[in-house]
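Atoms within each ligand, like the ligands themselves, are counted from 1 in listed order.
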Amino acid sequence: MTAITVIGHGPAAHRLIQRLRHHGHRGPVTVIGAEPQPAYNRALLVSVLDGTLPAAGLALAPLPPEVRVHTGVRATEVDPRRRLVRTDDGAEHPYDVLVLATGSRAILPELPGADGPLAPEIRAPHTLAGARPVDKGPVVVVGGGLRGVEAAYALGRAGHDVTLVHPGAHPMHRLLDERAGALLTAALRDAGVVPETGRRVSGAEPGKVALDDGRLLAAGTLLMCTGGRPDTALARDAGLAVRRGVVVDDRMRTSDPHVYALGDCAEHPGCHGTLASAWDQADALARTLTGDDGRRRPARHVVRPRLPGLAVAVAGPPGTPGTPGDDEQIVLSDPARGRYGRLVLRDGRVHAAVLVGLPRAVASVGQLYAADRPLPADRLALLLGMDGEYASSAELPDTAVVCQCNNVTKKALEQAWRRGAHDLPAIAAATRATTGCGSCTALVRQVCERAAQP
Ligand SMILES: Cc1cc2nc3c(=O)[nH]c(=O)nc-3n(C[C@H](O)[C@H](O)[C@H](O)COP(=O)(O)OP(=O)(O)OC[C@H]3O[C@@H](n4cnc5c(N)ncnc54)[C@H](O)[C@@H]3O)c2cc1C
């Protein structure tokens with residue numbers, strides 16, 4: 001029986017082990033995780049940071065008892081010749097197949113004065129340890145990409161005094177065009193966040209942070225949301241092919257035929273650094289390791305920032321909405337009501353999209369993009385959420401993911417209904433659907449209403 005050892009116990013490893021059992025693997029499985037707790041839903045860290053969810057609320061379903069789980073143990077070396085892994089507790093773990101699921105590490109830029117006395121507390125909300133609730137204000141969030149925007153928005157709404165320092169012209173400037181960026185900036189202000197765009201932090205002082213224009217901002221906590229990079233140290237030291245991430249083929253195999261990699265540490269054209277991408281890879285790898293054709297077909301993923309009350313979605317190659325070339329474009333701009341949508345169409349399908357303040361379009365365009373389906377004739381109705389056909393739950397397959405933030409399928413919602421969750425709060429408690437960005441609320445309600453029909 002094949003012995004599988006997995007290094008890293010994040011969502012990718014967790015899903016892989018579940019899928020291995022599902023696809024019939026009966027051999028021994030060992031998972032080695034450096035964090036003190038088993039795998040948890042990293043995408044919900046912002047809810048711990050703003051105090052709306054206890055850390056325990058992020059826990060994933062326990063793994064089967066026969067899986068050997070080592071928590072708080074770091075793998076220090078992979079010996080591909082002898083096929084074993086050494087860990088920092090002095091143990092050696094032999095393997096037939098090794099899976100690297102080491103994820104990514106937060107990038108922490110050097111900040112002069114950061115270790116001085118009374119300097120603000122500095123941390124990255126990348127792990128449960130870094131995302132513990134903020135208790136020292138004011139808060140300066142450094143980096144206005146996706147994660148920085150989510151953190152600033154959540155903390156602002158929770159009543160903290162928050163400044164968001166971002167070098168781009170507007171928050172999330174790599175994903176959003178100017179008009180979408182302006183609406184996001186307005187929403188951040190409404191949440192109580194002060195955006196400092198076109199600025200960088202240049203140093204820390206007692207109780208303060210310095211900006212590159214010389215101004216000083218009061219700061220009790222500095223949240224570094226300055227990106228992450230694939231954690232490839234073990235793979236590199238073991239002589240595996242590594243570029244930015246560990247290089248893998250369509251079956252998630254590295255340059256060593258006994259070693260595979262998946263999730264944020266892996267590099268493949270279809271790897272996105274999202275949960276959905278990690279889950280696709282986990283299923284494909286589980287099928288490969290159980291003798292099936294696990295060739296991975298890259299899925300089309302929609303980026304949906306977790307901003308309760310504000311539906312935002314970005315699909316397609318970054319930058320495409322601003323540079324459409326010969327593609328057809330549909331634009332709806334209604335700044336007075338905080339609504340903006342730009343669809344770039346190719347061959348009658350969504351090639352790229354930016355949507356702000358259009359929750360029904362976020363749901364329906366997201367589904368159409370993910371499934372690569374043709375658009376209905378009335379595109380404006382689609383943007384305005386008046387297209388009944390595509391916003392309806394009736395034609396969704398059971399496996400369709402209705403709540404993208406928490407990966408809740410239509411089938412899971414129907415099961416929750418049958419087990420007694422008969423209103424939205426009960427559905428949310430049972431499945432977590434609607435507790436992320438909230439853009440799926442209408443669709444979740446529809447699924448429940450249909451489930452209630454005799
Ligand atoms: C704040 C935040 C918010 C996010 N929000 C979203 C979202 O809304 N939607 C979305 O799709 N994605 C989101 N993501 C991205 C998503 O969480 C990642 O894509 C996902 O966690 C990748 O899973 P993974 O298992 O590959 O890596 P990770 O989650 O990084 O887990 C890797 C694990 O391996 C461990 N490890 C590393 N090296 C070793 C070693 N040598 N020995 C033992 N253990 C080791 C690490 O400690 C870690 O626990 C978010 C990420 C962050 C940080």
Residue portion contacting ligand 1 (non-hydrogen atoms closer than 4.0 Å) for [X]:
{"X": "Thr102", "result": "both"}
{"X": "Leu234", "result": "side chain"}
{"X": "His14", "result": "neither"}
{"X": "Val73", "result": "backbone"}

For the pair Arg157 (side chain) and Pro308 (backbone), establish whether a donor and an acceptor sit closer than 3.5 Å, ignoring hydrogens and angles.
yes
Verify salt bridge (charged side-chain N to carboxylate O under 4.0 Å, His left out) between Asp79 and Arg83, making sure each step is shown before the conclusion.
CA-CA 6 Å; Asp79 183 339; Arg83 280 198 227 151; over 6 Å; no
Just how far is it from atom OG1 of Thr226 to atom CD1 of Ile107, taken to the nearest 0.5 Å?
7.0 Å
Using heavy-atom distances, let me know which of Arg306, Arg74, Arg147 sits nearest atom 50 (C) of ligand 1.
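The residue whose heavy atom sits nearest atom 50 (C) of ligand 1 is Arg147.
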Select the closest option to atom 6 (C) of ligand 1 among Pro305, Gly227, Ala43, judged by heavy-atom distance.
Ala43
Note: Cys265 and Thr232 closest approach over all heavy atoms is O-CG2, 4.2 Å
Does an N or O anywhere in Glu150 fall below 3.5 Å from an N or O of ligand 1?
no
Judging by distance only, is a nitrogen or oxygen of Leu45 under 3.5 angstrom from one on ligand 1?
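There is no such contact.
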